[in-house]
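Chain letters run A, B, ... following the sequence lines, proteins first, then strands; residues in each count from 1. These figures come from a predicted structure and were not determined experimentally. Because only heavy atoms are used, hydrogens play no part in the values below, and waters and symmetry mates are left out as well, while side chains stay in.
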2 protein chains.
Amino acid sequence: MARPTIADIADKAGVSKGAVSFALNGRPGVSDATRARILQIAEQMSWRPHSAARALGASRVDSVGLVIARPARTLGVEPFFAHLLSGLQSGLSAHSISLQLLIVENTEAEIEVYRRWASEHRVDGVILVDLTVRDPRIDALKELELPAVVIGGRGGKGALASVWADDRDAMLSIVEYLAALGHRRIAHVAGTPNFQHTQRRIRAVRDAAPRLGLVDAPSLTTDFSDAEGAATTRKLLSQADRPTAIVYDSDVMAVAGLGVAMEMGVAVPGELSIVAFDDSILTQLMHPALTAMSRDTFDFGRQAAEVLLEVIATPTAVINRRTADPVLTVRESTAPPAH
Amino acid sequence: MARPTIADIADKAGVSKGAVSFALNGRPGVSDATRARILQIAEQMSWRPHSAARALGASRVDSVGLVIARPARTLGVEPFFAHLLSGLQSGLSAHSISLQLLIVENTEAEIEVYRRWASEHRVDGVILVDLTVRDPRIDALKELELPAVVIGGRGGKGALASVWADDRDAMLSIVEYLAALGHRRIAHVAGTPNFQHTQRRIRAVRDAAPRLGLVDAPSLTTDFSDAEGAATTRKLLSQADRPTAIVYDSDVMAVAGLGVAMEMGVAVPGELSIVAFDDSILTQLMHPALTAMSRDTFDFGRQAAEVLLEVIATPTAVINRRTADPVLTVRESTAPPAH
DNA sequence: CAAGGAAGCTAAACCGATTTAGCATCCTTC
DNA sequence: GAAGGATGCTAAATCGGTTTAGCTTCCTTG
């Protein structure tokens, strides 16, 4: 038999379709003996549920979605998403839930996808990344009644479930480390200003500055691209009182910044210390290898998957799970400043 | 009304469900006037097909799958997959087909996924990457009768559909370029030996060597990791008669190789020319920027999507589509050899 | 003008599961 | 020993579409 259905199993076991369904789903309604017999027959016929049939009957599709709204060009280099994906999957596969992935150009397109997914019942829930300050996606998802979990940023008042790490603490520990080395002029090359985590990091730097006796601690925003990372670095290093340390909001920008420093004859770490927020192979391939703040992105994904499944099961649940704190991996790009 | 069904539309239009189905799917059986009226009502009620219901009735799920069997760690850095994904999606979204993505550890797990997808009817077809020499996935897919398209490597006798670029020609043009610069000792740091494209590239180098008067043209295989790329480079550069040019099978290995050269005080491109097979931001971030063979990976994906849809529509079709030839982008890492 | 065929539509079956209502049967329990 | 309740199961409805068989009309055509 090609692809057996529960009707085939019911025939063979001499029971009704309903009984088979109960048995296969571990619900009460059949005796242990019957259940065992049915399970054995199903196993032997190598029966697998037809996902569409199950979705139609149970109105749940065992599939969740992830939409990434970034130009493809910038995506590839960042190990962030690859690790996040693997983590998500490790959390989902335990429950045989599959993942739909979509890369789109902008937030409007992303919301359009949610709208389609919701109306076509293609996913049971979604994972949100890159939360912005007044994020329009939150209201859209509320309206669609689509369960969701936010990665890296507390859902806040609106109360979507979330999985987050403490950006503020992480940034503070970077700045404190640099200050302890003796740096007093520290610059921060930040990401897109409308991202929530960018805001949190900028605020952390600003708040820490007086306490640590920093002479100057400017945060300059960029679009996260290598080009703007390089341009901003060039500007910073051309100043009369140039910084002795720069913190970058991404590994790609840090690498670009290192390139600019080399080009301008500024020795790293002799004359300039560099720290990257977010770690990857990239930072390790460099010479000097970059000191970086590493998050356990895989675990991030795994936890996000778990939380999302809980939210799908209990839509009223409000879960804000905090993950392990990022840790600073010190490599060769940081040292005390030259006098 | 929350989520209208075709029954609602049928009511409103005063026709039967069947007529609505015909109208919405552009099939004959209704008059143009009725069709227009139905479409207008559907539009106005903002009706969207329920994917599970459609899948159940039409036994097609409008979804295709991509499984990548590589450790997540190595995945992130390679823009290859991000671009491929975007390309795939641009080819699929035109037909409202969605994409399932899965990252697994090895080929056995990958085949297991195909088995599950087939039995649960989760996808209409799959895309295969990283074809190996005697690839077990081909037979598995044949047995499952799951439509598939192979990316980067002709399906060959077994005759899965495929989309491929000419690796051999590409490699030949690299070697010819280096030879024209005056290089006679060219080394090739290759990828995993069981990949078909690795084999083709090695063969290309070997075949070209005598014709171009190369003194030595060893191909050394690796596991595609930065670590082995670095180790192999170190070995090559420690030889008495070290090569004056090295061709790497991936951008990541080329970058790692560049690092080793700098470390060992070998000037690039003064004493050593470096060429990367596969281009990305990575090669451009380096100093010196790396000369690289660029493929239009996005287009690769787009074409693969098209071919797969054709194969799904006509399972007997045998399509082997050749994409645009890769082009060599010359940057700063190649120059005539020092005397 | 009767036969034949196409166009336009309806009614009902169907896809493969879940879920609900209901029916025996057996075990309590007073 | 009759009422009451749990247990184990069946039959049928249901999810939202697609598809097939068949029934009217109306138009040809000889």
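- Comparing Pro49(A) and Val30(B) by the nucleotide of DNA chain C that holds the closest heavy atom to each, the one mapping nearer the 5' end is Val30(B).
- The residue Ser59(B) sits apart from the nucleic acid: no heavy atom pair falls under 4.0 Å.
- Counting only distance, with no hydrogens or angles, the side chain of Asp8(B) and the backbone of Thr5(B) share a donor-acceptor pair below 3.5 Å.
- The shortest distance between the side-chain N/O atoms of Trp47(B) and the OP1/OP2 oxygens of dG16(D) is not below 4.0 Å.
- To the nearest angstrom, P of dC9(D) lies 10 Å from CZ of Arg35(A).
- What separates CZ of Arg60(B) from C1' of dC14(C) is a distance of 16 Å, to the nearest Å.
- At dG16(D), none of the side-chain N or O atoms of Arg54(B) fall inside 4.0 Å of OP1 or OP2 (strictly under the cut-off).
- A donor-acceptor pair under 3.5 Å is absent between the side-chain atoms of Glu120(B) and the main chain of His50(A), judged by distance alone.
- In this structure, Gly18(A) and His50(B) both approach DNA chain D, and ranking their closest nucleotides by distance from the 5' end singles out Gly18(A).
- Residue Ile9(A) contributes atom CD1, which lies 12 Å from atom P of dG16(C) at whole-angstrom precision.
- Comparing Ala7(A) and Asp32(B) by the nucleotide of DNA chain C whose heavy atom lies nearest to each, the residue mapping closer to the 5' end is Asp32(B).
- Here dG16(D) is the nucleotide among dC9(D), dA11(C), dG16(D) with the atom lying nearest to any side-chain atom of Ala53(B).
- The backbone N or O of Arg27(A) lies less than 3.5 Å from no partner atom in the side chain of Asn25(A), so there is not a single donor-acceptor pair.
- Under 4.0 angstrom from either OP1 or OP2 of dG16(D) there lies no side-chain N or O belonging to Thr5(B).
- Regarding His121(A), its NE2 atom lies at a distance of 20 Å from the P atom of dA17(C), rounded to whole Å.
- Rounded to an integer number of Å, the gap from Asn25(B) CG to dC9(C) P is 16 Å.
- The interatomic distance linking Leu24(B) (CG) with dG17(D) (C1') rounds to 10 Å, in whole Å.
- Atom CZ in Arg3(B) sits about 10 Å away from atom P in dG16(D), given to the nearest Å.
- Along DNA chain D, the nucleotide closest to Ala58(A) and the one closest to Ser21(B) are compared, and the more 5′ of them pairs with Ala58(A).
- Each of dT10(C), dG16(D), dT19(C) was ranked by its minimum atom distance to the side chain of Val15(B); first place goes to dT10(C).
- Remark: the Gln100(B) side chain and the Ser98(A) side chain contain an N/O donor-acceptor pair separated by less than 3.5 Å.
- When heavy atoms are screened at a 4.0 angstrom cut-off, Ser31(B) is found touching the sugar-phosphate backbone but no base atom.
- At distances below 3.5 Å, at least one donor-acceptor pair connects side-chain atoms of Asp124(A) with backbone N or O atoms of Asp62(A).
- A donor-acceptor contact under 3.5 Å is not formed by the side chain of Lys17(B) with the base of dG16(D).
- If you check every strand for non-hydrogen atoms under 4.0 Å, Arg27(A) touches sugar and phosphate atoms only.
- Residue Val20(B) is classed as having no contact, given no heavy-atom separation below 4.0 Å to the nucleic acid.
- To the nearest 0.5 angstrom, Asp135(A) atom CG is 9.0 Å from Leu160(A) atom CG.
- Residue contacts for Arg48(B): at a heavy-atom cut-off of 4.0 Å it reaches the sugar-phosphate backbone alone, with no base atom in range.
- Separating the CG atom of Asp8(B) from the P atom of dG16(D) is a distance of 9 Å, rounded to the nearest angstrom.
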